[in-house]
Amino acid sequence: MHFPAHRAWWQGFVDRGELLMIGPFANAPEGGALSIFTTREAAEEFVRGDPFVLHRGHRENGRSGSGTRALVPEAGK
């Protein structure tokens with residue numbers, strides 16, 4: 001239901017070079033995903049507008065979108 005909008009949302013971050021990796025957790029019974037961004041600002045913007053985050057109560061393919069995680073690598077590490 002929300003996947004096409006979610007994909008379009010994260011693709012914009014990829015195109016701008018702000019999203020390094022994104023994907024679902026393997027074998028996570030509650031669903032969820034991990035995203036790695038180049039800046040904290042990009043991660044916060046992503047979470048504010050991501051359809052999966054905005055519609056936490058959705059159920060798609062038996063998975064809930066409530067387990068989303070966003071990480072930003074520390075500079076120099």
Side-chain angles (χ1 to χ4, degrees):
M1 175 199 296
H2 301 290
F3 185 76
H6 168 70
R7 183 181 182 115
W9 182 245
W10 64 252
Q11 187 62 54
F13 287 82
V14 169
D15 293 347
R16 292 191 307 267
E18 297 173 323
L19 177 56
L20 303 176
M21 294 183 213
I22 187 169
F25 293 129
N27 301 322
E30 297 164 1
L34 176 70
S35 306
I36 302 176
F37 294 87
T38 57
T39 67
R40 180 182 186 97
E41 293 78 17
E44 290 173 350
E45 178 186 349
F46 180 86
V47 171
R48 281 193 304 270
D50 180 24
F52 278 4
V53 175
L54 296 174
H55 303 280
R56 288 179 185 226
H58 89 284
R59 302 278 305 168
E60 185 171 317
N61 298 326
R63 304 178 93 188
S64 168
S66 62
T68 301
R69 305 287 185 268
L71 299 177
V72 179
E74 290 185 42
K77 293 192 179 190

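Positions are given from 1, in the same order as the sequence printed here. Only this structure's heavy atoms are used, side chains among them; waters, hydrogens and symmetry mates stay out.
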Closest non-hydrogen atom pair, [X] against [Y]:
X: Gly49; Y: Leu54; value: O-CD1, 3.6 Å
X: Gly17; Y: Thr38; value: O-CG2, 3.3 Å
X: Glu45; Y: Trp9; value: O-CZ2, 3.5 Å
X: Val47; Y: Val53; value: O-CG1, 3.5 Å
X: Phe13; Y: Ala42; value: CE2-O, 3.5 Å

Check: Once you round to the nearest 0.5 Å, how far does CG of Leu34 lie from CZ of Phe25?
Finding: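 It comes to 5.0 Å.
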
Quiz item: How long is the span from the CZ atom in Phe46 to the NE2 atom in His6, to the nearest 0.5 Å?
Solution: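 Answer for the CZ-NE2 pair, Phe46 versus His6, is 5.0 Å.
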
**Partners meeting salt bridge (Lys or Arg N to Asp or Glu O under 4.0 Å) with Arg48 (sequence neighbours left out)** =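 Result, salt bridge (Lys or Arg N to Asp or Glu O under 4.0 Å) vs Arg48: none returned.
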
Hey, are the side chains of Phe52 and His55 touching, using non-hydrogen atoms and a 4.5 Å cut-off?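 No, their side chains stay 4.5 Å or more apart.
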
